[in-house]
Amino acid sequence: MSTQSKYSARTGIALVIANMVGTGVFTSLGFQLLEIQSTFVIFMLWLIGGVLALCGALTYAELASRSPRSGGEYHFLSELYHPCVGFVSGWVSLTVGFAAPTALAAMTFAAYFDSAVGDSLPINRNILAITLVAFITFVHGRNRHKSADLQNWFTGIKVVLIIGYLAIIFFLAKQPQAISLYPLRGDSATILSGSFAVALIYVNYAYTGWNAATYITGEIDSPETNIPRVLITGTSIVLLLYLALNLSFLYAAPVETLAGKIEIGIIAVEHQFGQWAAGTMGAVLSILLISTISAMLMAGPRVLQMMGEDYPVFTVFSKLNDGGVPQRAIYLQGALAIALILSSTFDSILVFSGFILGLSSLATVLSIFMLRRKTKGLGKGYRVLAYPFPPLIYAGVMIWTLCFISINRPQEAVVALGILFLGAAAYFICKSKEV
């Protein structure tokens with residue numbers, strides 16, 4: 001593949017930012033406030049989630065730099081553990097990992113847009129969400145040039161709109177709420193509680209996407225040097241944006257007004273500037289989510305493409321069209337997202353997908369120790385800063401969080417484990433067909 005036909009580092013950073021800044025940051029605060037009312041604890045929640053994502057990004061940067069092939073977790077786990085482990089991870093990406101976040105973002109887009117137009121234009125939210133997914137799927141299925149243009153433009157619009165929103169809230173708010181970032185009595189106990197751990201799943205879900213560029217590693221120009229820069233730069237930008245956004249929500253509206261609500265951004269603006277501003281904000285936030293949906297539909301199909309190169313049963317999805325993209329894999333990913341829009345509720349998708357994606361990223365981060373052992377610490381490429389602390393921090397917090405989820409939301413955990421077992425069964429079926 002020629003340099004001219006590859007994605008630039010700029011597109012890679014846009015992909016990471018667009019994957020991360022989506023549904024989670026504009027919806028999860030309401031769920032967190034049902035159990036946690038301390039501003040300090042909320043701030044620590046998002047800070048810890050950001051540091052955790054950065055630790056993951058540092059680790060993935062070394063994995064991708066030293067083994068530059070597309071596919072993300074599927075490739076890393078196949079190489080460093082066993083092909084079965086990689087296959088199960090690819091199965092997760094295929095069935096849930098990208099389809100679920102795409103469905104969530106599309107559902108949130110429809111909710112925000114519907115709130116923006118109000119009664120003036122009756123809208124079927126499911127139809128609107130499905131139409132958007134279908135259109136973006138079509139664009140990404142054409143060629144790499146159109147795909148990159150769509151991603152770059154809408155990510156640029158997203159960043160500009162977020163900065164504009166923050167400026168309006170912090171400089172023009174008429175009735176700002178008092179915010180204290182000092183810890184209160186009992187905050188330390190809250191941080192160590194099950195409620196904090198469950199809330200961290202929502203935060204981790206909001207930060208999901210810091211690894212997005214590893215799914216198209218083989219299509220990035222000079223991946224050995226660009227992938228680490230893409231992952232670390234993109235994740236750091238989003239960390240700062242998330243802290244600012246959540247402070248702006250708490251600055252603009254009372255906790256009791258936000259608790260339990262999904263349309264956090266609209267509620268915050270409406271509280272300060274009235275119904276007309278809320279409608280405008282709904283339209284703005286819906287536009288932000290277009291780049292998120294685009295990023296998911298851009299990265300996810302590459303996992304199926306790599307599986308198609310490795311397993312004959314999926315070969316049909318590895319074929320590139322004349323535009324250099326895996327069109328059939330992209331179309332299948334879009335169809336799965338549409339199926340989830342039609343069949344699932346918002347909260348169940350969020351917790352379930354957050355749990356199963358956490359398991360996948362945990363296994364991948366721990367694989368860095370396998371890589372170091374196999375290469376005895378040698379090899380070209382990026383090396384994790386302050387190794388082994390970033391992977392150990394990520395693994396420790398993720399294990400703690402997943403344990404609490406298993407206790408507090410056992411139904412979602414059982415379904416997630418069921419998906420993993422189905423993936424393992426599918427692997428052995430695929431292998432038996434090769435004999």
Side-chain angles (χ1 to χ4, degrees), residues 18-19 21-31 95-142 150-151 153-154 157-158 161 165 202 205-206 208 257-258 260-270 274-298 300-301 330-354 412 415:
N19 258 278
V21 184
T23 308
V25 71
F26 293 109
T27 58
S28 56
L29 180 61
F31 296 113
T95 56
V96 177
F98 285 94
T102 302
L104 283 175
M107 292 163 73
T108 307
F109 165 85
Y112 275 131
F113 191 82
D114 189 24
S115 298
V117 299
D119 297 330
S120 61
L121 181 63
I123 288 176
N124 183 305
R125 294 188 178 187
N126 275 358
I127 291 178
L128 181 60
I130 290 168
T131 301
L132 180 62
V133 170
F135 171 74
I136 294 176
T137 300
F138 170 74
V139 174
H140 281 307
R142 293 183 64 191
L150 178 68
Q151 194 58 60
W153 274 103
F154 275 103
I157 291 171
K158 169 181 282 186
L161 290 176
Y165 165 81
Y202 291 101
Y205 181 84
T208 297
T257 304
L258 299 171
K261 304 294 174 53
I262 291 180
E263 293 93 342
I264 293 296
I266 290 179
I267 293 170
V269 170
E270 182 176 11
Q275 184 61 45
W276 70 270
T280 302
M281 188 61 190
V284 168
L285 291 178
S286 66
I287 293 172
L288 297 184
L289 292 170
I290 294 176
S291 72
T292 302
I293 299 166
S294 171
M296 297 291 177
L297 289 168
M298 180 180 178
I330 291 170
Y331 285 172
L332 177 60
Q333 193 78 70
L336 290 172
I338 289 172
L340 279 175
I341 292 171
L342 292 171
S343 63
S344 302
T345 63
F346 189 94
D347 185 52
S348 63
I349 295 178
L350 197 154
V351 176
F352 159 65
S353 59
E412 283 86 351
V415 173

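All residue numbers in this chain count up from 1 along the given sequence.
- Taking every heavy atom of both residues into account, I130 and I341 meet most closely at CG1-CG2, 4.1 Å.
- With rounding to the nearest 0.5 Å, the separation of CG in L297 from CD1 in I136 is 6.5 Å.
- Shown here is R125, whose CZ atom has more than 12 heavy atoms of other residues, nucleotides or ligands within 6.0 Å.
- Distance check: M296 CE to T208 OG1 gives 7.5 Å after rounding to the nearest 0.5 Å.
- The minimum heavy-atom distance between P301 and Q333, with the atom names listed, is N-OE1, 3.7 Å.
- A donor-acceptor pair is defined here as one N or O able to donate and one able to accept, closer than 3.5 Å; no such pair exists between the side chain of S294 and the backbone of I290.
- Note that CG of L132 and CD1 of I127 are 14.0 Å apart. Values are rounded to the nearest 0.5 Å.
- Of the candidates V284, I287, V21, K158 forms a side-chain contact (heavy atoms from CB on, under 4.5 Å) with just one, namely V21.
- Nearest heavy atom pair, residue I293 against residue A105, reads CG1-CB, 3.6 Å.
- Atom OH of Y165 is separated from atom CG of L285 by 7.5 Å, given to the nearest 0.5 angstrom.
- Minimum heavy-atom separation, V269 to M281: CG2-CG, 3.5 Å.
- What you find for F109 and S286 is that their closest heavy atoms are CD1-O, 2.9 Å.
- A donor-acceptor pair under 3.5 Å is absent between the side-chain atoms of S291 and the main chain of Q151, judged by distance alone.
- Heavy atoms only, all atoms of each residue included: A337 and T102 are closest at CB-CG2, 3.7 Å.
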